[in-house]
Asker: 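One structure, pasted below without further comment.
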Amino acid sequence: MKVLGIETSCDETGVAVYDTAAGLLADALYSQVGLHEDYGGVVPELASRDHVRKLVPLVRETLGDAGIALGELDGVAYTAGPGLVGALLVGAGAGRALAWALGKPAVGVHHMEGHLLAPLLEPNPPEPPFVALLVSGGHTMLMAVEAVGQYRLLGDTLDDAAGEAFDKTAKLMGLPYPGGPSIAALAVTGHDRHRFARPMTDRPGLDFSFSGLKTQVMLAWRARGDEAGAGPDIARSFEDAVVETLAIKCRRALQQTGARTLVVAGGVGANHRLRERLAADSARDGFRVAFPRPAFCTDNGAMIAFAGALRLEAGLHDDAAIRVHPRWDLAGLAPL
């Protein structure tokens, strides 16, 4: 089954073709970072308009790279949520119209299920059951994965997501958007001199909170911002605090569920220091940790094509109505 995947949930336009027999045939991504950089964050209306401009040319490019014609597709998958409602409608409208014109089935994919399944695109993919850390600009959550489509929420963020905290901290320090890569680059030459708190690790539970950490950074920046070397030290202290907090919660989730595999996905999953820490923990504690390649940590069409192909192959598809879900509970998905 050859499935076209369309991702337009936020500020990346992603398109891919996945073949259940041959694997990923082609994928292409257009990022709007340059468009939103001057605003320090995503402007929803600008994002939607840019998806309209870029989506159809990107579909044509991806089909050409895959070496297939439109009529050879067996189905279409598109991100139906969560995300920015205008951006979601662009991909959903195009995906549904294309499927209708071809007489093929279409399915709306949960954006976070796409991220969760992205590591399964890699060689030697992990098999459920496992614990998944979904960590991005909009989400920080731990899920128990019993099977594809069978998810149980273990812990969620009570305020800012980890990626959101990176963006807000970078903006506070005058660093370019997006904040994650900017903080990580500055932290390379810094030292953990501030030893910021590891939020909510001094009590039981698997929930997260990063708003207080952001306040600690603000106070440190106001006190030391003009000193030489202050920026790298504060960035390193902040990054270390986030990484250690995530690592502690992951270890707790593995202990609580008895799982021996951890999957990490989402934009923050590309962070080099987080990968190093979890790899070291896995070697010490005897569990497996699986990441998608860095290019598939950010939003992309490949994860949507793959997740959609699994659902379409299982006989699950949507009717002709165009529906999006800006807020959508991952645990409420239909199992395969």
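None of the values given here were measured: they were computed from a predicted structure. The figures here come from the full heavy-atom set of this structure, side chains too, leaving out hydrogens, waters and symmetry mates.
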Asker: Look only at the side chain of E72 and the backbone of A69, and say whether a donor-acceptor pair between them is shorter than 3.5 Å.
Answerer: yes
Asker: With no hydrogens and no angle check, is any side-chain donor or acceptor of D156 less than 3.5 Å from a backbone partner on D207?
Answerer: no
Asker: So which atom in A16 and which in L24 form the shortest heavy-atom distance, rounded to 0.1 Å?
Answerer: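 Looking at all heavy atoms of both residues, the closest pair is CB-CD1, 4.1 Å.
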Asker: Going by distance alone, is a donor N or O of one side chain under 3.5 Å from an acceptor N or O of the other, for D299 and H115?
Answerer: yes
Asker: Holding to salt bridge (Lys or Arg N to Asp or Glu O under 4.0 Å), I want the full list of residues that pass it with E122, two or more places apart in sequence or in another chain.
Answerer: R293
Asker: Not counting sequence neighbours, list each pair that qualifies as a salt bridge (Lys or Arg N to Asp or Glu O under 4.0 Å) and has a residue in residues 177-194.
Answerer: D192-R195, D192-R198, R193-D233
Asker: Do you know the tightest heavy-atom contact between K104 and G71?
Answerer: CE-O, 4.4 Å
Asker: Would you mind checking if D281 and R277 are paired as a salt bridge, meaning a charged N to carboxylate O distance below 4.0 Å?
Answerer: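 A salt bridge is present here (some side-chain N lies under 4.0 Å from a carboxylate O).
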Asker: Between the main-chain N or O of P176 and the side-chain N or O of S182, is there a donor-acceptor pair closer than 3.5 Å?
Answerer: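 Side chain of S182 to backbone of P176, a donor-acceptor pair under 3.5 Å: yes, one is there.
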Asker: What do you reckon, is CZ of R49 surrounded by more than 12 foreign heavy atoms closer than 6.0 Å?
Answerer: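 No, the 6.0 Å shell around CZ holds no more than 12 heavy atoms from other groups.
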Asker: Among Q256, K249, R152, R252, find the residue that satisfies the side chain to side chain contact (heavy atoms under 4.5 Å, CB included) test when tested with L142.
Answerer: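 Looking at Q256, K249, R152, R252, the match for L142 under the side chain to side chain contact (heavy atoms under 4.5 Å, CB included) is K249.
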Asker: Go through the side-chain N and O atoms of D160 and S211 and say whether any donor and acceptor fall under 3.5 Å apart.
Answerer: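 S211 and D160 do not have a side-chain donor-acceptor pair below 3.5 Å.
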Asker: If a pair satisfies side-chain hydrogen bond (donor to acceptor under 3.5 Å, both in side chains) and one of its residues is in residues 322-336, list it, with sequence neighbours excluded.
Answerer: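 Checked against side-chain hydrogen bond (donor to acceptor under 3.5 Å, both in side chains) - neighbours excluded - the pairs reaching residues 322-336 are D319-R323.
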Asker: Should we say atom CD of E127 is surrounded by more than 12 heavy atoms from elsewhere, each under 6.0 Å from it?
Answerer: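 Count not over threshold, so no.
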Asker: Any side-chain to backbone donor/acceptor pair from E313 onto T20? Under 3.5 Å, distance only.
Answerer: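 Between the backbone of T20 and the side chain of E313 there is no qualifying donor-acceptor contact (under 3.5 Å).
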